[in-house]
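Quick notes on the structure that follows.
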Amino acid sequence: QVQLVESGGGLVQPGGSLRLSCAASGRAFSTKAMGWFRQAPGKEREFVATIAWTGSTIYADSLKGRFTISRDNAKNTMYLQMNSLKSEDTAVYYCATARTGWGTQDLYVYNYWGQGTQVTVSS
């Protein structure tokens, strides 16, 4: 099993930055892709970014240039740096571990999920 715990969420003003962390426990962490997803009230969970075990990344087209995903395998931790935040970025952000070493934008690829951390962008 893999346990994931997100942290770093909170309230930030539009245009601000926030860095989310996802601490993982489990022997398979370094060989699996990981991803970030988010879900706003009344909406479906949507893909944000994923990072393969090799470090290769994929981003949602609408978020390219503002968000950066990274991982530190030695610390079993994944990060999401969010810059130039907008009100529409407000959502619960979830980290997840994939079934494979490479990630995709599809929810079914991910089998372990954290409980989420709230990000609120408001003035």
Side-chain angles (χ1 to χ4, degrees):
Q1 65 175 15
V2 176
Q3 293 181 316
L4 304 171
V5 180
E6 302 95 337
S7 63
L11 176 65
V12 64
Q13 296 187 89
S17 298
L18 208 59
R19 189 193 193 201
L20 305 183
S21 297
C22 175
S25 63
R27 52 183 171 172
F29 175 82
S30 64
T31 62
K32 303 296 183 181
M34 298 188 73
W36 286 99
F37 293 77
R38 67 185 185 183
Q39 187 167 23
K43 295 186 177 181
E44 295 184 351
R45 190 167 299 186
E46 66 174 342
F47 170 77
V48 173
T50 185
I51 182 167
W53 72 275
T54 60
S56 180
T57 60
I58 301 174
Y59 296 90
D61 289 339
S62 63
L63 302 177
K64 288 182 179 178
R66 294 197 299 120
F67 288 14
T68 302
I69 188 172
S70 62
R71 67 190 295 167
D72 186 336
N73 289 340
K75 296 182 179 180
N76 282 5
T77 304
M78 177 179 65
Y79 307 94
L80 182 68
Q81 179 66 46
M82 304 184 292
N83 299 324
S84 301
L85 286 164
K86 307 173 182 178
S87 60
E88 50 263 47
D89 294 319
T90 295
V92 175
Y93 283 71
Y94 299 89
C95 67
T97 299
R99 304 175 189 273
T100 61
W102 58 94
T104 72
Q105 300 183 27
D106 302 310
L107 286 169
Y108 77 86
V109 173
Y110 302 86
N111 59 342
Y112 292 104
W113 296 82
Q115 294 184 333
T117 184
Q118 177 71 228
V119 172
T120 302
V121 184
S122 177
S123 59

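Computed from a prediction, not measured in an experiment: that's the story for all the values here. Throughout, residue positions are numbered sequentially from 1 according to the sequence presented.
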Could you list the donor-acceptor pairs under 3.5 angstrom formed by side chains in residues 115-123, with sequence neighbours left out?
| from | atom 1 | to | atom 2 | distance (Å) |
| --- | --- | --- | --- | --- |
| Thr117 | OG1 | Gly9 | N | 3.2 |
| Gln118 | OE1 | Thr120 | OG1 | 3.4 |

Rounded at 0.5 Å granularity, tell me how far SG in Cys95 sits from OH in Tyr110.
11.5 Å

pair Gln105-Ile58: side-chain heavy atoms closer than 4.5 Å
yes

What closest approach, in Å, do Ser84 and Ser17 show between heavy atoms, and which atom pair accounts for it?
N-OG, 4.3 Å

Shortest non-hydrogen contact from Lys43 toward Gln39:
O-NE2, 3.1 Å

Only counting residues at least two apart or in another chain, list the ones meeting side-chain contact (heavy atoms from CB on, under 4.5 Å) with Ser70.
Tyr79

Distance in Å, Arg45 CZ paired with Arg38 CZ, rounded so as to fall on 0.5 Å steps:
13.0 Å

Same cluster or not: are Tyr108 and Tyr112 linked, directly or through other Ile, Leu, Val, Met, Phe, Trp or Tyr residues, by side-chain heavy atoms under 4.5 angstrom apart?
no

Where is the tightest heavy-atom contact between Gly103 and Ala33, given as atom of each residue plus distance?
N-CB, 3.3 Å

How many angstroms lie between atom OG1 of Thr97 and atom CE of Met34, to the nearest 0.5 angstrom?
4.0 Å

Residue pairs involving residues 46-70 (criterion ring-ring contact (aromatic ring centres under 6.0 Å, His included); sequence neighbours excluded)
Phe37-Phe47

Is the closest side-chain heavy-atom distance between Val12 and Met82 below 4.5 Å?
no

Considering only heavy atoms from C-beta outward, does the side chain of Leu4 approach that of Met78 to under 4.5 Å?
no

Counting only N and O atoms by type, is there a donor-acceptor contact under 3.5 Å from the side chain of Lys32 to the main-chain atoms of Arg99?
yes

Using the rule that two of Ile, Leu, Val, Met, Phe, Trp, Tyr join whenever any of their side-chain heavy atoms come within less than 4.5 Å, decide whether Val48 and Leu107 are in one cluster.
no

Mind checking the OH-CG spacing from Tyr93 to Leu80? Nearest 0.5 Å is all I need.
7.5 Å

Using the rule that Ile, Leu, Val, Met, Phe, Trp and Tyr join whenever any side-chain heavy atoms are under 4.5 Å apart, tell me whether Val2 and Leu20 fall into a single cluster.
yes

Does CD belonging to Glu88 count more than 12 external heavy atoms closer than 6.0 Å?
yes

Mind checking the OG1-CH2 spacing from Thr50 to Trp102? Nearest 0.5 Å is all I need.
12.0 Å

If you compare all heavy atoms of Leu18 against all heavy atoms of Gly8, which two are closest, and at what distance to 0.1 Å?
CG-O, 3.5 Å

Can you find a heavy atom in the side chain of Asp89 that is under 4.5 Å from one in the side chain of Leu63?
yes

